[in-house]
Amino acid sequence: MINEPQIINEALSETHEQLAAADRPSEDGLLEIDISGLPAGELVKWLEDMVLIREFEEALEPLTLSGKIPGSVHQASGQEAVAVGVVRALRPGDIVASPHRPHHHALAKGLTPRAVMAELWGRATGCAGGRGGTMHLIDFSLGYFGSNGIVGAALGIAMGAALAAKLRQNGQVCVGFFGDGGANTGRTWEFVNFATVEKLPLIVVCENNQYAVETWIRREMVGGTIAERAIGFGLPASQVDGQDIAAVYAATVEARERAAAGGGPTFIEAVTYRYRGHNTGEVINYRTEDEVEHWRATRDPVERLRSSLERLGQLRPGQFEEIVAGASAVVQDSIEFSESSPVPDPATAGDRVLVTPFDEKGLA
Amino acid sequence: MINEPQIINEALSETHEQLAAADRPSEDGLLEIDISGLPAGELVKWLEDMVLIREFEEALEPLTLSGKIPGSVHQASGQEAVAVGVVRALRPGDIVASPHRPHHHALAKGLTPRAVMAELWGRATGCAGGRGGTMHLIDFSLGYFGSNGIVGAALGIAMGAALAAKLRQNGQVCVGFFGDGGANTGRTWEFVNFATVEKLPLIVVCENNQYAVETWIRREMVGGTIAERAIGFGLPASQVDGQDIAAVYAATVEARERAAAGGGPTFIEAVTYRYRGHNTGEVINYRTEDEVEHWRATRDPVERLRSSLERLGQLRPGQFEEIVAGASAVVQDSIEFSESSPVPDPATAGDRVLVTPFDEKGLA
Amino acid sequence: MTAVTVGQAFQQGLAEEMEADDRIFVLGTDLFIRGGHFAQVKGIGPRFGHDRVIDTPISEAAMVAAGVGAALNGMRPLIDLNFIDFAFGAMDEIANQAAKSSYLWGRPVPMVIRASSGVALYSAQHNNSLEAWFMHMPGLITVMPSNAADTKGIIKSALRSDDPVIFLMHKRLTGVRGEVGGPDELVPLGRAAIARPGSDVTIVSSGIVVNKVVKAAEVLASEGVEAEVIDLRTIFPLDAQLIEGSVRKTGRALVVTEEPPFASVASEIAAMVQEEVFDYLDAPVQRVTAAHSPIPHSPGLMEALIPQVETIVSAVRGSVERWPSTEA
Amino acid sequence: MTAVTVGQAFQQGLAEEMEADDRIFVLGTDLFIRGGHFAQVKGIGPRFGHDRVIDTPISEAAMVAAGVGAALNGMRPLIDLNFIDFAFGAMDEIANQAAKSSYLWGRPVPMVIRASSGVALYSAQHNNSLEAWFMHMPGLITVMPSNAADTKGIIKSALRSDDPVIFLMHKRLTGVRGEVGGPDELVPLGRAAIARPGSDVTIVSSGIVVNKVVKAAEVLASEGVEAEVIDLRTIFPLDAQLIEGSVRKTGRALVVTEEPPFASVASEIAAMVQEEVFDYLDAPVQRVTAAHSPIPHSPGLMEALIPQVETIVSAVRGSVERWPSTEA
Ligand SMILES: Cc1ncc(C[n+]2csc(CCOP(=O)(O)OP(=O)(O)O)c2C)c(N)n1
Ligand SMILES: Cc1ncc(C[n+]2csc(CCOP(=O)(O)OP(=O)(O)O)c2C)c(N)n1
Ligand SMILES: [Mg+2]
Ligand SMILES: [Mg+2]
């Protein structure tokens with residue numbers, strides 16, 4: 001009964017080759033995107049958002065490895081276009097909830113790098129007072145209904161928030177993010193079904209970065225796309241190129257309109273890629289460096305937007321480098337801010353478990 | 001915010017009319033079935049199985065209302081062709097697991113009416129020694145891996161049994177039943193997905209009787225059929241007329257062959273109907289008597305097989321009445337058997353919780 | 001004042017609160033027409049309409065998630081799980097989401113989860129007693145009324161609480177009648193009640209078991225032992241003060257519950273009482289609980305596993321005989 | 001004999017049993033290459049192949065259901081849930097299916113559920129302590145080793161048991177080294193161990209906490225108080241005899257656990273000890289547990305909520321001062 005050891009994902013080369021075959025890169029090697037439908041005056045800001053996310057994520061690995069950030073975190077480098085494309089299509093009062101890989105969503109939704117970074121550091125100045133860390137970021141005032149440590153759970157919170165929005169008729173639209181791995185947990189489909197039946201103002205966004213930890217999507221999912229799976233639950237669903245911010249934005253605008261008009265939820269599968277390991281410090285044995293390089297070279301979402309903007313003359317020479325430098329400074333500031341922030345007072349460690357007062361015997 | 005009271009399912013008339021429009025009944029008002037592909041010599045036995053189930057189920061209401069059977073039970077009158085059609089397509093070593101509406105499966109799989117009836121009565125002679133009742137019937141020796149009180153759970157047990165069958169390479173094929181309501185519980189789709197990924201020898205049978213308690217399927221499920229939903233999980237899936245034993249049998253034979261050949265699971269949605277309430281004693285406010293009558297008149301699975309057999313001269317005049325009388329006597333016997341059976345010894349009530357011995361303090 | 005059933009008391013309390021606060025809605029399976037498996041919300045659907053009584057698919061995770069998300073977004077949902085056993089399918093949503101939001105995010109989840117509970121028919125999978133689980137899990141309030149008045153008074157408090165409340169109704173109490181308070185009479189969360197005053201032994205229990213304990217107290221009274229019967233009403237936060245005060249007086253305590261014995265509500269009360277009033281105790285704190293066993297279908301087996309009046313009486317008798325009172 | 005980590009001890013025990021019994025297989029997420037989130041089965045995949053180490057989708061209900069069904073059909077699965085918190089998504093499969101089959105159907109479910117547990121980093125949703133829940137639920141065995149030798153010896157026993165066993169490995173023990181027994185050395189389920197003998201006070205604990213308790217015992221010894229430290233190893237069935245015997249001797253007991261306090265394993269032991277050896281007790285049985293709180297991210301907050309050596313020492317000191325020994 002003993003098989004041969006087999007360490008690298010056997011289907012890997014196939015993905016890579018399929019990808020390469022489908023690619024028709026432009027001169028700079030990147031696949032072109034069409035940004036003509038986007039609000040021209042805002043696109044530099046979008047690029048700034050994406051660069052900030054990239055810089056933020058890329059700063060984290062050494063901070064976790066050195067223990068300054070306790071524990072490891074899940075970086076989203078490579079997935080910037082999904083976060084920014086979705087959030088830019090929303091209105092300010094709209095709601096977003098994230099899974100365990102959330103920094104890009106949180107930053108896109110307006111949380112400051114300081115609030116997020118200090119939270120990762122477990123400092124009192126973090127957005128959850130240092131109690132939550134990366135998987136429990138929060139800012140209700142910005143419509144950010146939390147990152148979540150449990151696969152699929154954030155979609156449930158967004159779904160429930162959408163139910164409240166419907167009942168309160170307040171015009172809010174809610175977005176629940178999850179990953180390709182989250183497409184295999186039963187609760188995801190309960191949430192999708194319920195939202196569809198109740199025609200909730202919900203946008204379901206599956207960030208299909210093709211891996212769940214070390215598990216390639218095709219290892220644990222047979223048949224069509226995740227969007228095709230969703231169609232069986234009776235809601236409009238489509239797959240978009242998650243590295244193309246224009247595609248993500250357009251799909252979200254349409255979904256938002258439908259939701260706001262009482263047309264119910266929409267399912268968006270955004271095909272994307274994470275450049276880093278599942279978590280900081282991971283030793284990657286399940287995919288090749290070639291594969292990563294191919295994604296970077298042909299589909300990097302930041303570079304694709306930059307290249308389009310440059311081609312259309314909306315980015316002057318040197319401006320991109322300025323943006324990167326600016327973002328880097330902001331991230332650096334968030335690190336210094338975190339380092340100099342106080343840790344939460346241990347005397348408060350047990351506070352706020354309930355609103356109802358209690359002590360070590362029960363009712364206080 | 002107060003709406004008009006609204007007691008009858010608003011979409012009811014629609015179903016009924018759709019049905020009526022689609023129907024092309026034969027002379028006796030029944031929709032014909034084509035039994036030419038079935039093993040001719042066995043069909044009278046199949047009819048006997050179905051009649052036995054019907055008689056068994058129909059005997060239960062007064063027994064529960066009088067308290068002789070403690071609690072109420074879920075009858076499957078009207079769903080006989082699904083149970084018999086599926087089980088007749090299996091081999092003896094194959095495995096079946098049922099949800100809360102299980103008597104038809106248990107009897108079809110070979111449990112005696114005495115063993116089942118006495119279990120409902122909570123008697124020591126019941127198939128679970130009186131511990132289980134209707135929702136925990138069991139006979140491992142017959143490959144009957146239990147009825148289950150939790151919606152969707154039986155499919156999980158069948159799926160796990162199928163994993164064992166695959167690992168043990170023993171040729172077993174496993175069947176997990178659930179209802180239309182069970183198509184909305186997340187676990188169902190986890191089980192389906194896992195079975196598909198692992199190519200397990202599993203047949204997933206959804207008995208779509210169109211109601212989950214009082215809830216009409218279209219109230220809590222939007223879009224296509226349940227089978228179409230299943231297709232998104234990458235396994236072959238089809239909807240069959242569950243009142244046509246030939247259709248059920250054929251679909252199961254095909255599924256069994258696929259499973260046995262290593263082709264993995266198949267999803268069968270059998271559209272059927274329950275004549276009785278969700279449970280004995282239920283007051284039915286959610287569908288019309290007309291609807292029930294229409295199903296009985298055009299699609300009764302017992303009558304359809306009987307009519308076909310009579311048409312082909314495989315049932316002599318009077319034989320059906322003899323079968324009914326025989327079944328009725330067997331059911332009557334099971335009642336007398338149960339009534340005269342001992343209740344389990346209260347001194348044993350706490351036995352067998354674990355194999356490892358323990359007492360009221362812990363380890364014994 | 002006329003007597004109503006526990007089920008009707010629940011409906012009254014719920015309807016009154018729904019009239020007063022339009023953030024409250026009810027969500028679960030088969031509620032609108034049938035009123036739930038125990039008719040616990042019968043009539044609420046037609047009265048308040050489909051926006052306030054939402055029928056759902058059989059999707060317990062989605063039901064509770066809907067409640068959590070809606071509560072975080074300004075509503076006050078009552079999620080009806082029918083049987084508490086179905087909470088297994090929503091356990092992450094209860095324990096990891098609802099119970100942790102106040103702590104992590106500073107925004108509590110004002111949601112009530114109602115479920116029928118307690119030992120009755122339908123065998124093992126429909127008769128799990130989970131009050132100890134909820135008591136153990138930080139971030140939840142758990143209540144378990146024993147009569148109609150408390151049912152009404154507590155559901156009203158629960159619906160006004162900012163915390164997530166697990167509201168457990170004993171199946172076999174559903175039809176039991178009693179008088180109830182008016183629209184402004186609330187029973188506070190966290191406060192136990194003295195169901196029968198007494199001086200010789202404190203017997204703590206909750207839910208349906210209180211009735212058996214009161215009967216046992218009558219038998220004991222005829223033997224000269226006056227039991228003080230405490231009805232917990234709220235399982236957590238525990239009304240430790242009331243219990244301790246009583247045991248200081250009586251010097252003897254018994255806890256009677258219908259749950260399995262280990263790491264139970266009864267364990268907690270026994271542990272707490274001996275810790276806090278050790279010097280007043282004439283005898284160990286005893287526990288009478290259900291057996292460490294699933295609940296079987298056959299009624300005779302089922303009854304053999306749970307506390308009965310006679311078991312309670314003899315536990316007290318045994319204690320008094322072996323450890324006679326020090327004073328008197 | 002060379003020292004191995006607790007994680008390696010687990011792998012050794014598992015591999016030995018897999019060699020001996022080909023009904024054993026392992027199933028969970030990210031096991032084959034990565035060896036699980038704690039490298040707990042690192043190397044087992046390549047060694048035994050894809051039929052014996054089955055990677056799954058993120059579908060906890062399906063994982064445990066696969067285990068239950070396979071166990072009922074002749075196999076002996078080890079289901080790896082990575083973190084015990086993910087059991088929430090499979091709670092029905094654990095509590096309503098695996099735990100009830102022996103009772104209802106007379107066929108036990110020989111399945112081991114392995115998970116990392118105990119307070120560590122990653123905040124509230126990844127740091128639930130559920131051993132009390134499993135202890136409370138009839139039909140389950142729950143174990144929680146404190147060192148490498150027991151980890152190996154207990155996983156071997158668990159894999160040979162016919163009952164469903166919840167095997168909890170403390171996250172912060174994963175890399176701790178110790179010597180382990182050979183292929184035939186099993187540690188029986190249900191048997192506690194005396195981690196340090198003593199005569200003045202019995203301190204009961206389990207898992208990682210045993211280390212803190214032993215340190216506290218050293219401090220106490222320097223003050224003239226000799227603590228007997230009991231390492232439960234198995235949470236249920238509880239080794240009540242060993243605990244009672246020790247308390248009969250010492251007259252004083254403390255339970256130290258890292259879980260929330262109410263209806264906890266600590267509650268159970270406190271309740272049981274005072275019930276069984278009341279007449280030997282000089283002082284109430286004390287509990288030192290984690291606070292009734294979710295576990296936060298910030299390490300300082302986290303440490304403030306769980307028992308520390310100093311808390312344990314002062315609890316014993318407080319007891320001895322307030323209730324001095326009667327004899328001696
Ligand atoms: C219910 C549950 N099971 C398992 C885990 C452990 N876990 C955390 S992230 C992850 C992989 C998620 O993959 P995917 O959904 O594709 O998101 P990605 O990491 O790719 O962003 C797993 C298994 C969890 N957090 N929750
Ligand atoms: C997880 C769970 N939720 C709810 C119930 C209560 N319940 C029992 S049967 C049933 C309806 C099931 O409908 P369906 O699956 O269509 O089967 P049918 O009764 O029609 O045979 C419900 C809601 C349950 N047993 N388990
Ligand atoms: Mg992924
Ligand atoms: Mg149905």
Side-chain angles (χ1 to χ4, degrees), chain C residues 61 85-97 99-100 103-104 123-125 128-139 235-236 238 255 259-272 274-279 281 283-287 291-294 296-297 323, chain D residues 61 85-97 99-100 103-104 123-125 128-139 235-236 238 255 259-272 274-279 281 283-287 291-294 296-297 323:
Chain C
D85 314 80
F86 306 156
F88 288 139
M91 209 44 100
D92 188 76
E93 288 70 22
I94 296 173
N96 247 351
Q97 311 295 336
K100 293 184 169 57
Y103 186 79
L104 290 173
S123 194
Q125 292 178 334
N128 290 280
S129 289
L130 297 184
E131 49 271 25
W133 283 24
F134 298 124
M135 176 184 228
H136 186 63
M137 182 56 60
I235 301 295
F236 188 83
L238 204 55
V255 196
E259 28 149 35
F262 303 104
S264 62
V265 175
S267 311
E268 176 53 38
I269 294 170
M272 183 273 287
Q274 64 87 36
E275 236 166 334
E276 297 300 325
V277 297
F278 186 71
D279 297 329
L281 283 178
V285 186
Q286 290 176 291
R287 290 177 288 171
H292 190 65
S293 169
H297 167 58
W323 291 280
Chain D
D85 313 80
F86 306 156
F88 289 138
M91 210 41 102
D92 189 78
E93 288 70 22
I94 296 172
N96 246 353
Q97 311 296 336
K100 292 183 170 58
Y103 186 80
L104 290 173
S123 194
Q125 293 178 333
N128 290 280
S129 289
L130 297 185
E131 49 271 26
W133 283 25
F134 298 125
M135 174 184 230
H136 186 63
M137 182 57 59
I235 302 293
F236 188 83
L238 204 57
V255 196
E259 28 148 37
F262 302 104
S264 63
V265 175
S267 311
E268 177 53 36
I269 294 169
M272 184 273 285
Q274 64 88 33
E275 238 166 332
E276 297 300 326
V277 297
F278 186 72
D279 297 330
L281 283 178
V285 186
Q286 289 176 293
R287 291 177 286 172
H292 189 65
S293 170
H297 167 58
W323 291 278

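Proteins get letters first, then strands, A, B, ... in listed order; numbering begins at 1 in each. The figures here come from the full heavy-atom set of this structure, side chains too, leaving out hydrogens, waters and symmetry mates.
Separation of the C:F262 and D:F236 ring centroids falls under the 6.0 Å cut-off.
Residues C:I235 and C:L238 approach most closely at O-CD1, 3.4 Å, considering heavy atoms.
Comment: C:R287 engages D:E268 in a salt bridge, judged by a side-chain N to carboxylate O separation of less than 4.0 angstrom.
Only the side chain of D:L130 has a heavy atom closer than 4.5 Å to any heavy atom of chain C. There is no contact between D:F86 and chain C, counting heavy-atom distances below 4.5 Å.
When the ring-ring contact (aromatic ring centres under 6.0 Å, His included) test is applied to C:F88, the partners found at least two apart in sequence or on another chain are C:W133. A search for side chain to side chain contact (heavy atoms under 4.5 Å, CB included) contacts involving C:A124 returns C:P294, D:K100, D:L104, not counting sequence neighbours. C:P260 meets the side chain to side chain contact (heavy atoms under 4.5 Å, CB included) test with C:S129, C:H292, D:H136, D:P138; sequence neighbours excluded.
The candidate from C:D85, C:V265, C:N128 with the greatest count of non-hydrogen atom pairs under 4.5 Å with chain D is C:N128. Options D:A271, D:G89, D:G139 differ in how many heavy-atom pairs under 4.5 Å they form with chain C, and the most are formed by D:A271.
The closest side-chain heavy-atom distance from D:V285 to C:Q274 is below 4.5 Å. With contacts defined as side-chain heavy-atom distances shorter than 4.5 Å, the pair D:L281/D:W323 does not qualify.
Within residues 90-97 of chain D, the residues having any heavy atom less than 4.5 Å from a heavy atom of chain C are, in residue-number order, D:M91, D:D92, D:A95, D:N96, D:Q97.
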